[in-house]
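See structure below.
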Amino acid sequence: MKKIINDPKTVVAESLRGLAAAHADVLRVEDDPAIVVRADAPLAGKVAVISGGGSGHEPLHGGFVGQGMLAAAVPGAVFTSPTPDAVEAAVKATAGDAGALLIVKNYTGDVLNFETAAELAAAEGLDVRSVVIDDDVAVKDSTYTAGRRGVGGTVLLEKIAGAAAERGDALDAVEALARKVIGQVRSIGVALTAPTVPHAGEPSFDLADDEIEFGIGIHGEPGIERTAVMTADELVARMVEAVVTDLPFAEGDKVLLFTNSMGGTPLVELYLAHGIAERLLAERGIVVERRLVGPYITSLEMQGMSLTLLKLDDELTELWDAPVNTPALRWGV
Amino acid sequence: MKKIINDPKTVVAESLRGLAAAHADVLRVEDDPAIVVRADAPLAGKVAVISGGGSGHEPLHGGFVGQGMLAAAVPGAVFTSPTPDAVEAAVKATAGDAGALLIVKNYTGDVLNFETAAELAAAEGLDVRSVVIDDDVAVKDSTYTAGRRGVGGTVLLEKIAGAAAERGDALDAVEALARKVIGQVRSIGVALTAPTVPHAGEPSFDLADDEIEFGIGIHGEPGIERTAVMTADELVARMVEAVVTDLPFAEGDKVLLFTNSMGGTPLVELYLAHGIAERLLAERGIVVERRLVGPYITSLEMQGMSLTLLKLDDELTELWDAPVNTPALRWGV
Amino acid sequence: MACTAETLAAALRAAAAVIAGHRAELIELDRAIGDADHGENMDRGFTAIVSALDTAIPETPAAVVKLAATTLISKVGGAAGPLYGTAFLRASGKLGDAAEVDGPLLVEALRAALEGVQARGKAVGGDATMVDALIPAVSAAEEASGSGIAAILSAAADAADKGAESTVDLVPRKGRASYLGERAKGHMDPGARSTALLLRAFAEAAK
Amino acid sequence: MACTAETLAAALRAAAAVIAGHRAELIELDRAIGDADHGENMDRGFTAIVSALDTAIPETPAAVVKLAATTLISKVGGAAGPLYGTAFLRASGKLGDAAEVDGPLLVEALRAALEGVQARGKAVGGDATMVDALIPAVSAAEEASGSGIAAILSAAADAADKGAESTVDLVPRKGRASYLGERAKGHMDPGARSTALLLRAFAEAAK
Ligand SMILES: Nc1ncnc2c1ncn2[C@@H]1O[C@H](COP(=O)(O)OP(=O)(O)O)[C@@H](O)[C@H]1O
Ligand SMILES: Nc1ncnc2c1ncn2[C@@H]1O[C@H](COP(=O)(O)OP(=O)(O)O)[C@@H](O)[C@H]1O
Ligand SMILES: [Mg+2]
Ligand SMILES: [Mg+2]
Ligand SMILES: [Mg+2]
Ligand SMILES: [Mg+2]
């Protein structure tokens with residue numbers, strides 16, 4: 001393992017120090033438990049949209065803290081969901097009378113820890129709701145699994161819920177909107193290589209030189225099948241098919257297309273894949289009205305990509321377009 | 001080699017199609033020769049700032065085309081500088097009476113091809129100047145080398161020259177400003193792994209599991225020495241030392257600190273390194289007034305990072321802060 | 001050996017040493033079918049328990065176990081943090097203000113721990129989780145409930161070992177490993193293994 | 001064999017085939033001390049020359065060589081594109097409107113090519129570039145200038161081979177390889193190798 005770190009145990013804490021130094025105008029980092037909060041928190045009169053999870057998926061979530069998006073992010077150890085007291089600290093640091101919405105990616109650890117935090121905060125009289133995002137079509141949502149994972153859709157959900165909170169929507173409305181987004185967003189991911197978790201010291205899984213993992217989660221967890229490498233045309237066609245047929249997305253639907261790098265896939269490949277996805281959606285009569293292309297929800301240095309489709313309506317489009325000022329997403333400001 | 005591509009020969013052309021589809025509001029792509037130009041080109045009354053070079057360094061340069069930065073980008077094949085006719089086409093597509101400034105990274109191929117293009121354009125009566133950026137302190141600038149390479153400083157130069165052109169500075173002024181930036185920007189890079197060029201099919205160089213290359217260019221070309229892996233503290237200290245002592249940057253200097261990922265290094269490590277650099281500069285009394293952290297000038301999937309320092313004055317800071325609207329850098333719009 | 005606050009604290013220290021010694025093994029088990037952090041998570045949690053005990057050992061057995069519970073909840077994260085945290089919390093609840101824990105009380109506490117894990121995580125036997133180590137461990141403890149603390153824990157540890165072993169042939173239905181489906185067969189569940197390790201450490205400490 | 005527009009075009013086609021056959025070798029040489037694109041660049045350029053010749057073969061030898069020059073300039077990029085482009089452009093300039101190229105004219109064209117490369121790239125002998133293949137090639141051609149086209153080109157190709165070989169022991173001072181300094185020793189310069197390959201292809205075609 002070669003990494004730019006000092007000690008696996010201090011990676012997250014040291015990284016947060018750099019984040020704080022780089023973006024002091026937008027956010028601040030509090031220690032013990034470590035949380036990332038908007039520079040102007042607590043937010044009087046506005047719902048605090050909060051998310052978090054294991055680290056190693058940057059810019060998710062810390063890179064999305066700021067005006068028009070997250071009020072706070074709760075980073076766990078690498079690939080390990082944060083503890084309830086950290087989540088609770090984030091709620092207390094940001095939420096006012098308007099309450100807080102927790103955005104939880106559907107992983108056993110995240111759900112259990114955020115649930116406990118919500119109970120703790122509620123016990124202190126705070127109005128805290130949580131929504132669980134599970135947009136990954138690679139997992140069959142059955143009693144034989146922990147359910148669908150939260151993946152790329154999380155980024156879009158954080159932006160849209162954050163925009164609703166910023167314009168002053170009440171907690172009920174922000175929560176309802178979040179549930180709407182969760183209902184109409186779907187994703188699929190693929191891995192070409194494995195990430196290496198600092199404390200583990202070696203790649204999280206073994207993938208032969210001629211194999212890819214189709215249907216991965218954001219830790220490289222497997223999904224549909226391990227298969228032979230294929231051309232970008234074939235790969236993207238399979239991904240588009242998996243996502244489109246799941247909701248399903250129909251001819252005439254207006255969508256946001258999010259083409260995401262898992263970290264190690266260079267932009268030259270990502271844009272190539274994005275171009276293919278645009279073409280395939282056009283062929284199906286699905287209208288791409290907004291797009292996001294880049295490494296926004298990653299798995300350390302893992303090579304691979306994900307595609308996310310969100311069905312848009314006027315309200316969602318308006319909230320997507322609303323000004324946002326965070327380290328990783330910024331426009332209109 | 002595992003990549004999301006169809007055919008090594010069509011990687012760049014296909015990728016540009018995706019870029020165009022993703023950012024139609026900001027730029028358009030013209031074919032044969034392939035160039036990326038601002039959506040609103042040609043630019044009446046404003047200097048066209050143009051850059052280009054081999055592909056594989058994305059978002060550089062195509063991701064910096066747009067309001068307040070580049071008028072056009074000229075992408076060559078992967079790691080191969082573009083040809084003179086492509087550069088000339090970019091000049092013709094964007095430059096008006098105010099002329100054009102070519103920003104050339106100091107590599108033999110780029111210099112020769114851009115020089116030829118400038119001659120061709122001048123022969124057609126266009127006012128075209130060019131500046132060569134060579135900010136890489138890893139190369140001794142002697143008759144024994146092709147001279148210092150253009151690396152991270154290129155991003156800052158493109159932003160600042162683009163902002164000057166946008167506010168309406170004349171070609172003389174934009175050129176003078178560009179030369180000023182080149183005079184006071186310095187960089188150093190390190191590689192932990194090698195990139196794989198699609199048409200080559202295997203990593204560009206071999207680096208053992210316990211080795212890093214200190215002083216690399218943006219293709220992973222070597223510089224100072226191949227050395228053993230070290231902690232982030234040691235590594236960043238060596239990098240800061242190399243950059244600071246070169247100009248040199250002195251106590252009290254105001255600077256922009258640009259911590260860049262070479263592509264494969266995840267943000268969690270990059271912010272960690274950034275935090276160390278901030279601390280070391282503070283210890284030297286060098287005042288970091290602006291920062292940029294992320295993968296902005298990359299070498300495909302290569303793991304590694306670079307540090308760039310630009311000495312600021314009020315004018316440069318104002319131009320850095322000026323609105324910019326490109327796929328990869330955006331603020332104030 | 002009497003089971004007091006002091007001896008319980010010593011048992012937790014012993015468990016921390018065992019977890020540290022098996023950190024790499026647990027990471028490797030989790031790497032195979034999960035996300036390669038279980039050893040790191042458990043080690044972080046038990047190291048924190050030792051630090052907490054270094055400051056002061058609470059007065060009652062219940063308080064010692066509760067300290068372990070809250071430390072695990074606030075330091076471990078992941079799935080294992082809330083699950084083990086709940087297990088210790090429920091066990092602590094059973095212990096009341098007894099100054100010393102006897103065999104039957106210990107067995108009750110173990111049963112409560114299992115129920116806590118199942119209440120939180122909704123896993124049943126056969127889902128290939130820590131529950132597959134805990135269920136046989138609690139049954140064995142109940143059967144041995146008349147014998148001393150050491151014998152009860154030994155029986156539980158033996159059963160937990162077998163239970164952990166049984167997960168090798170199961171298709172996981174809970175936690176990260178469930179994404180692998182059939183492909184997870186042939187691998188032991190890391191949480192089941194850590195449960196067996198903890199019970200063995202407690203049994204050894206009780207000797 | 002007479003050196004006409006037709007035979008020159010055939011020689012360029014032969015050269016394209018040789019470059020295609022050595023594409024991987026040139027990439028590998030460039031991978032060792034440069035950026036692994038020289039074979040790809042040259043192959044792209046010569047493939048484009050063949051396409052251009054497929055459309056129409058220009059009337060004079062000078063025009064054929066000029067077509068090669070402009071194609072290389074607009075298709076190759078990198079350092080090799082302008083350098084080879086300039087070489088062919090200068091050579092074409094020497095050929096005037098001759099319908100057939102004889103030995104002395106060929107030698108003059110080769111000399112012009114070398115001068116063009118040096119004017120553009122500023123490399124001298126010993127810098128470990130294509131110039132180290134061209135200098136001895138031109139000298140050998142000049143010595144053989146009384147013999148026929150085939151003999152001149154053979155002599156030039158032999159000398160270029162040796163020249164390319166000599167770059168193995170040199171420390172590069174121009175182009176990307178110069179960044180490696182001492183570490184580039186032991187590797188042949190890819191541009192010197194491609195120069196030798198081209199001259200050999202021309203020599204074979206002239207037989
Ligand atoms: N729903 C559940 N019920 C019981 N145990 C579970 C459940 N989900 C996961 N586990 C246990 O947790 C272990 C994984 O813990 P750990 O790796 O620390 O957390 P994470 O899965 O979040 O990375 C699994 O091996 C399994 O024994
Ligand atoms: N200044 C120069 N003068 C002569 N030849 C040069 C010079 N710089 C580079 N070369 C030649 O160009 C070759 C590299 O070409 P190529 O790999 O296609 O371009 P690039 O170096 O831009 O990737 C080198 O092997 C060398 O022979
Ligand atoms: Mg985990
Ligand atoms: Mg090149
Ligand atoms: Mg785990
Ligand atoms: Mg090259």
Side-chain angles (χ1 to χ4, degrees), chain A residues 8-9 33 53-54 56 74 76-88 107-117 120 136 138-140 142-149 194-206 215-226 299, chain C residues 23-24 26-45 47-48 70-86 89 117 119-124 126-130 170-184 191:
Chain A
K9 294 206 188 301
V74 194
V78 174
F79 286 7
T80 300
S81 80
T83 56
D85 50 328
V87 179
E88 198 197 355
Y107 296 95
T108 307
D110 290 86
V111 172
L112 295 181
N113 286 288
F114 277 80
E115 244 175 27
T116 309
L120 291 173
D136 184 357
V139 177
K140 292 283 149 287
S142 76
T143 47
Y144 297 102
T145 68
R148 291 189 155 179
R149 301 170 289 222
T196 297
V197 178
H199 61 244
E202 48 177 329
S204 296
F205 48 90
D206 307 306
I216 45 92
I218 55 173
H219 313 86
E221 315 92 316
I224 296 174
E225 67 170 323
R226 186 161 288 197
S299 185
Chain C
R23 178 182 165 280
L26 293 172
I27 285 178
E28 188 51 35
L29 288 176
D30 198 25
R31 194 178 85 85
I33 57 170
D35 60 352
D37 62 356
H38 188 60
E40 180 72 14
N41 296 346
M42 295 297 285
D43 189 33
R44 187 173 52 247
T47 302
T70 54
T71 306
L72 291 174
I73 290 173
S74 72
K75 293 296 174 194
V76 176
L83 291 168
Y84 276 119
T86 305
L89 207 58
V117 169
R120 265 252 102 97
K122 314 274 182 306
V124 297
D127 283 351
T129 68
M130 58 175 72
L170 294 172
V171 177
R173 296 189 194 168
K174 282 283 181 284
R176 264 174 224 297
S178 68
Y179 308 131
L180 270 166
E182 286 288 331
R183 285 200 264 167

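For the numbers below, each heavy atom of this structure counts, side chains included, while hydrogens, waters and symmetry mates do not.
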Out of C:S74, C:A79, C:A177, which one racks up the most heavy-atom pairs below 4.5 Å with chain A? C:S74
For a quick test of reading the model, state the closest non-hydrogen atom pair linking A:L112 to C:R120 and the distance between them. CD2-O, 3.4 Å
Who among A:V197, A:T116, A:I224 has the most heavy-atom pairs with chain C under 4.5 Å? A:T116
When rounded to the nearest 0.5 angstrom, what is the spacing between NZ in A:K140 and OH in C:Y179? 13.5 Å
Looking only at non-hydrogen atoms, find the nearest pair between C:N41 and A:T80 and report the distance. OD1-OG1, 3.1 Å
A:P82 versus chain C, heavy atoms under 4.5 Å apart: side chain, backbone, both or neither? backbone
With a 4.5 angstrom heavy-atom cut-off, could you sort out which part of A:A77 is near chain C: side chain, backbone, both or neither? side chain
Where does C:V171 contact chain A at under 4.5 Å (heavy atoms): side chain, backbone, both or neither? neither
Mind listing the closest non-hydrogen atom pair of C:S178 and A:A146 along with its distance? OG-N, 2.9 Å
Working to the nearest 0.5 Å, report the span between CZ of C:R176 and NE2 of A:H219. 4.5 Å
Salt bridge (charged side-chain N to carboxylate O under 4.0 Å, His left out) involving A:E225 - partner list, sequence neighbours excluded: A:R238
Portion of A:H199 that has a non-hydrogen atom of chain C nearer than 4.5 angstrom: both
Could you pull out the closest heavy-atom pair between A:N113 and C:G78, with the gap in Å? ND2-O, 2.7 Å
So do the side chains of C:D37 and A:V78 get within less than 4.5 Å of each other, counting heavy atoms only? no
Roughly how far apart are C:I73 CD1 and A:D85 CG, rounded to 0.5 Å? 9.0 Å
CD1 of C:I33 to CZ of A:F205: how many Å apart, nearest 0.5 Å? 15.0 Å
In the structure I gave you, are the side-chain heavy atoms of C:K75 and A:T83 within less than 4.5 Å of one another anywhere? no
A side-chain contact here means heavy atoms from C-beta on lying under 4.5 Å apart; do C:R31 and A:D206 qualify? yes
Please name all residues satisfying salt bridge (charged side-chain N to carboxylate O under 4.0 Å, His left out) with C:E40, sequence neighbours left out, ordered by chain then number. A:K9, C:R23
